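A quick write-up on the structure given underneath.
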Amino acid sequence: MQNHQATPRICGSGYRDRAYDGYARAYDDLLQAYGVTAYPSYPRIGVGGRTFVARAGAGDPVVFLHGTPATSAVWVPLVAELAGVQAYLVDRPGHGLSDPLDYAMVDDLRAHAVGFVERLLDALGAERAVLAGNSLGGLWALWSAVDLPERVSAVAAIGAPPGLLTPRLPRIFGPLSVPWIASLMQRLSPPSPRSTRRFFRRMGDPPAQLDDTLVAAFTEALRLPNAEGGMAHMVQRFVEWPGCFADRRLWFSAEELGEIRQPVLLVWGRDDFVADLTAAGRIVDSLPNASLVEAGTGHLPWLQEPRQVADALGDFLRARVT
């Protein structure tokens, strides 16, 4: 999906303040660094408001859902390696260039997520689509596969989703679920390139392999006014100490995974901080139609092995039409 022609600019589209413009500039720099041409749009989606979508490439449509804290920008290094795919890179509600959303006001996270995906597909004119998700985005994709079986044709979970076979989350979510601790952590380690690299190291992604433009875009996203409502408040609303989903409907048992009939691709880094490869094997065994690919080391495995992950996703998509 390499394209070295001039990229349509994301910045300069009338953002709400300088922080949004700074993030948009960092996003543009990232696209340019990887030679990706992306066309931005801002459909209005009921549960999400004004939603940022960047369309890149041509071919089979795939909707990419990022994790938390992250934005659609994290997918750019993978999209640069894809061929025959029309990628829709989406900023989930309350993240990136989408409208702010305070998750403290959301009563049912699963219903919110599935409703958003359904209306997003409507806005894109997609009767059915493949959903690719990382981390919480992967969980949103799996919820949608169960609750919208007629709209989701397949799921690629690239980087371990939380909530598979257990309500337990990575250890960091325990402190983040307590407002005063989360606030203290934010004051002690405000967004910076150094703290971003430290966060990636914690997820199993070696900082030495991170591109500076990706680090800049990730850091600028954490400085956005919507970052607290989109991340901290989400954790505090739906996670309880010591780091577990508070709502039983937010995680899958083995029996519930068995209800997912669509093809599922799992791409797993060996040091993913959400779940190890042994857990990945149990998850694959619980899914009726799943395959597992080990790639890279961390929670975002395409940052270490972009070509391998792109090939795995391409093979998965081609197998569905042959």
Side-chain angles (χ1 to χ4, degrees), residues 1-11 23-43 51-67 70-92 95-98 120-121 124 126 129-138 140-141 154-159 200 205 209-218 220-221 265 267 269 293 295-296 298-318 320:
M1 197 171 289
Q2 297 280 354
N3 189 329
H4 295 281
Q5 298 178 0
T7 301
R9 301 292 288 175
I10 291 173
C11 82
Y23 168 66
R25 291 177 188 278
Y27 204 142
D28 278 330
D29 291 344
L30 179 65
L31 290 166
Q32 183 175 9
Y34 282 91
V36 173
T37 298
Y39 297 87
S41 62
Y42 302 84
T51 299
F52 173 80
V53 180
R55 174 176 54 83
D60 296 327
V62 179
V63 176
F64 287 81
L65 301 171
H66 61 80
T71 69
S72 59
V74 298
W75 294 111
V76 170
L78 175 58
V79 170
E81 299 291 336
L82 290 174
V85 171
Q86 184 164 84
Y88 292 94
L89 310 182
V90 180
D91 280 345
R92 292 181 12 245
H95 295 73
L97 297 174
S98 291
L120 172 66
L121 297 180
L124 297 178
V130 176
L131 302 183
N134 170 252
S135 193
L136 187 60
W140 281 37
V155 172
I158 308 174
F200 274 93
D205 299 285
Q209 297 183 20
L210 298 178
D211 183 273
D212 287 346
T213 56
L214 177 66
V215 171
F218 195 95
E220 291 300 325
L265 171 67
V267 182
V293 173
H299 194 45
L300 286 75
W302 67 91
L303 299 183
Q304 299 92 52
E305 298 290 349
R307 181 74 265 161
Q308 182 187 358
V309 175
D311 288 346
L313 180 56
D315 291 345
F316 176 69
L317 296 173
R318 284 189 292 273
R320 296 175 50 256

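Computed from a prediction, not measured in an experiment: that's the story for all the values here. Heavy-atom basis, side chains included; hydrogens, waters and symmetry copies ignored.
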Query - Minimum heavy-atom distance between Leu30 and Ala73, given as atom pair plus value - result: CD2-O, 3.2 Å

Requested in this report: Report yes if some heavy atom in the side chain of Ser135 is under 4.5 Å from a heavy atom in the side chain of His299; otherwise report no.
Outcome: yes

Query raised in the report: Quick one: ring-ring contact (aromatic ring centres under 6.0 Å, His included) partners of Tyr88, sequence neighbours excluded?
Result: none

Requested in this report: May I ask you to test the Val74-Asn134 pair for a side-chain heavy-atom distance under 4.5 Å?
Outcome: no

Query raised in the report: Can you find a heavy atom in the side chain of Leu303 that is under 4.5 Å from one in the side chain of Phe200?
Result: yes

Query raised in the report: Residues in side-chain contact (heavy atoms from CB on, under 4.5 Å) with Ala310, at least two apart?
Result: Leu78, Glu81, Leu82, Arg307

Report summary line: dist Ile158:CD1 -> Leu265:CG (nearest 0.5 Å) comes out at 6.5 Å

**Report entry** Residues Tyr27 and Ser72: side-chain donor-acceptor under 3.5 angstrom
**Finding:** yes

**Report entry** Between NE2 on residue His95 and CG on residue Leu136, distance to nearest 0.5 Å
**Finding:** 7.5 Å

Report summary line: salt bridge (charged side-chain N to carboxylate O under 4.0 Å, His left out) pairs touching residues 209-218, sequence neighbours excluded, are Arg197-Asp212

**Report entry** Contact check, side chains of Val79 and Tyr34, non-hydrogen atoms, under 4.5 Å
**Finding:** no

Query - Student check: side-chain heavy atoms of Asp60 and Val130 closer than 4.5 Å - result: no

Query raised in the report: Within the distance-only criterion (no hydrogens, no angle test), does the side chain of Asp91 pair as donor or acceptor with the backbone N or O of Leu97 below 3.5 angstrom?
Result: yes

Query - From OG1 (Thr51) to CZ (Arg92), nearest 0.5 Å - result: 11.5 Å

Query raised in the report: Quick one: does Val76's side chain get under 4.5 Å of Leu214's, heavy atoms only?
Result: no

Query raised in the report: Below 4.5 Å, heavy atoms only, C-beta onward: do Val267 and Gln308 meet side chain to side chain?
Result: no

Report task. Over all heavy atoms of both residues, which pair between Val63 and Leu121 is shortest? Give the atoms and the distance, please. Result -> CG2-CD2, 4.1 Å

Query raised in the report: Minimum heavy-atom separation for Leu313 to Phe64, with atom names?
Result: CD2-CZ, 4.0 Å

Report summary line: Nearest heavy-atom contact between Ala132 and Val62 is CB-CG1, 3.8 Å

**Report entry** Nearest heavy-atom neighbours spanning Gly298 and Asp205
**Finding:** CA-OD1, 3.3 Å

Report task. Answer yes or no: is there an ion pair linking Arg25 with Asp28, defined by an N-O contact shorter than 4.0 Å? Result -> no

**Report entry** Heavy-atom pair of closest approach, residues Ala38 and Pro40
**Finding:** O-CD, 3.5 Å

